[in-house]
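Take a look at the structure set out below.
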Amino acid sequence: MALDWQVFCQDTIDRTPVAGCFGTGGLKGTQTYLDWLLQAWGQTVLVSALSLVVALLVGVVIGTLRTLPDSPWLTRLGNGWVELFRNIPLLVQIFLWYHVVPALVPAVADVPKLALVVVGLGLFTSARIAEQVRAGIQALPRGQRHAGMALGFTTPQYYRYVLLPMAFRIIIPPLTSEAMNIFKNSSVAFAVSITELTFYAQQVGEETAHGIEVYLAVTFLYIVSAFAINRIMAFIEKRVRVPGFVAGAGGGH
């Protein structure tokens, strides 16, 4: 069966062909399915990037709390956070943020649904990043902490200047996986009608009856985006690697 890629050059209103949509663009005031595809890709990138920021900020804090010495209640709080968010399916969490939270907290009702998805996806991923941060800190030799204490650092100071910078270098590979996963997991946004790639594929596939072409195009964009994330993180890992450092040498943290 021949594939008809010209479907992307159809107007989204009356499905008439729009000349030049693969080149300089269509007529002014028209929107083709290609335009819509690129907009959906942009929404996917936006949701993923914002969710990753939320996940990193919260995950680093929670992961650090789980390693603080002489603070068992903070450790239990961090452990509870991780178990709560990683044991509830992501789609259920999105529905909770979208349907339940606004009903319980009326002030949230006016928050854009994209922001609710970002919070839901970000907090879900924060539990996974918190576990990686905890593992990264505990993989450091005990001497790292002792060196900070010998220099007169307070607990916040040796975490900020000694432990966390080294831990981040260790956890870049799993963080790469999480960054790729958060891009793929952003597809749950279609469940609350955010026009990202999966929502686009479903809608356009039904409208045009060209589901094969549409899903192939969307799959290609997911692959390209994930590959780009992988290459960016690999570049960062190479630039910040500490030559000769072996995690866990000299005993666990």
Side-chain angles (χ1 to χ4, degrees), residues 8 12 31 33-60 62-63 81-82 84-102 108 111-133 171-207 211 213-236:
F8 293 102
T12 57
Q31 183 186 48
Y33 286 114
L34 177 61
D35 296 327
W36 193 6
L37 173 62
L38 297 178
Q39 291 170 10
W41 190 20
Q43 284 283 83
T44 297
V45 171
L46 179 62
V47 170
S48 304
L50 294 178
S51 299
L52 183 59
V53 171
V54 172
L56 285 172
L57 292 176
V58 178
V60 169
I62 298 300
W81 179 280
V82 170
L84 173 66
F85 283 98
R86 76 177 180 179
N87 287 312
I88 302 176
L90 175 57
L91 189 58
V92 173
Q93 293 189 39
I94 296 300
F95 282 140
L96 286 173
W97 280 101
Y98 188 74
H99 295 292
V100 178
V101 174
V108 179
V111 175
K113 58 186 179 182
L114 186 144
L116 295 177
V117 171
V118 165
V119 171
L121 181 55
L123 295 185
F124 172 82
T125 310
S126 74
R128 301 171 61 88
I129 291 179
E131 183 67 10
Q132 293 161 8
V133 170
I171 67 172
I172 286 179
L175 279 182
T176 300
S177 296
E178 290 307 323
M180 296 169 67
N181 284 336
I182 208 168
F183 188 87
K184 293 180 288 185
N185 287 340
S186 67
S187 62
V188 299
F190 92 96
V192 293
S193 301
I194 290 180
T195 311
E196 45 71 60
L197 285 174
T198 302
F199 181 89
Y200 168 89
Q202 183 183 45
Q203 291 291 107
V204 176
E206 293 176 356
E207 286 184 16
E213 293 90 337
V214 171
Y215 278 100
L216 284 176
V218 167
T219 300
F220 174 75
L221 291 180
Y222 274 118
I223 292 173
V224 168
S225 301
F227 181 77
I229 293 170
N230 180 278
R231 291 298 86 205
I232 291 171
M233 295 298 289
F235 174 77
I236 294 173

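Starting from 1, each residue takes its place in the sequence as its number.
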Minimum heavy-atom separation for [X] and [Y], please, with both atom names.
{"X": "I229", "Y": "A179", "answer": "CG2-CB, 3.6 Å"}
{"X": "G59", "Y": "I129", "answer": "CA-CG2, 4.2 Å"}
{"X": "L96", "Y": "P102", "answer": "O-CD, 4.4 Å"}
{"X": "S51", "Y": "V117", "answer": "OG-O, 4.4 Å"}

Short question: side chain of [X], backbone of [Y] - any donor-acceptor pair under 3.5 Å?
{"X": "T44", "Y": "L197", "result": "yes"}
{"X": "Y200", "Y": "V214", "result": "no"}
{"X": "T12", "Y": "Q31", "result": "yes"}
{"X": "S186", "Y": "F183", "result": "yes"}
{"X": "Q43", "Y": "L46", "result": "no"}

**OP:** Determine, step by step, whether F8 and V204 satisfy the side chain to side chain contact (heavy atoms under 4.5 Å, CB included) criterion, reporting the C-alpha distance in whole Å, the side-chain angles of both residues, the deciding distance to 0.1 Å, and the verdict.
**Re:** CA-CA 10 Å; F8 293 102; V204 176; 5.7 Å; no
To the closest 0.5 Å, what do you measure between [atom1] ([X]) and [atom2] ([Y])?
{"X": "I182", "Y": "L121", "atom1": "CD1", "atom2": "CG", "result": "4.5 Å"}
{"X": "S177", "Y": "N230", "atom1": "OG", "atom2": "CG", "result": "8.5 Å"}
{"X": "L216", "Y": "L221", "atom1": "CG", "atom2": "CG", "result": "11.0 Å"}
{"X": "F124", "Y": "L91", "atom1": "CZ", "atom2": "CG", "result": "10.5 Å"}
{"X": "E207", "Y": "Y33", "atom1": "CD", "atom2": "OH", "result": "4.0 Å"}
{"X": "N185", "Y": "E178", "atom1": "CG", "atom2": "CD", "result": "8.5 Å"}

Side-chain touch [X]/[Y], heavy atoms, less than 4.5 angstrom:
{"X": "Y215", "Y": "Q202", "result": "yes"}
{"X": "L114", "Y": "V47", "result": "yes"}
{"X": "R231", "Y": "F227", "result": "yes"}
{"X": "M180", "Y": "M233", "result": "no"}
{"X": "V108", "Y": "L116", "result": "yes"}
{"X": "S193", "Y": "K113", "result": "yes"}
{"X": "Q132", "Y": "L175", "result": "yes"}
{"X": "I94", "Y": "V192", "result": "yes"}

**OP:** Any chance you could lay out the side-chain hydrogen bond (donor to acceptor under 3.5 Å, both in side chains) test for S225 and W41, step after step, and finish with the verdict?
**Re:** CA-CA 9 Å; S225 301; W41 190 20; 2.9 Å; yes
**OP:** Look at the aromatic rings of W81 and F85 and report parallel, tilted or perpendicular, splitting at 30° and 60°.
**Re:**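 Aromatic pair W81/F85 classed tilted.
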Subject >> Side chains of T198 and Y222, donor plus acceptor under 3.5 Å >> reply: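 Side chains of T198 and Y222: pair found under 3.5 Å.
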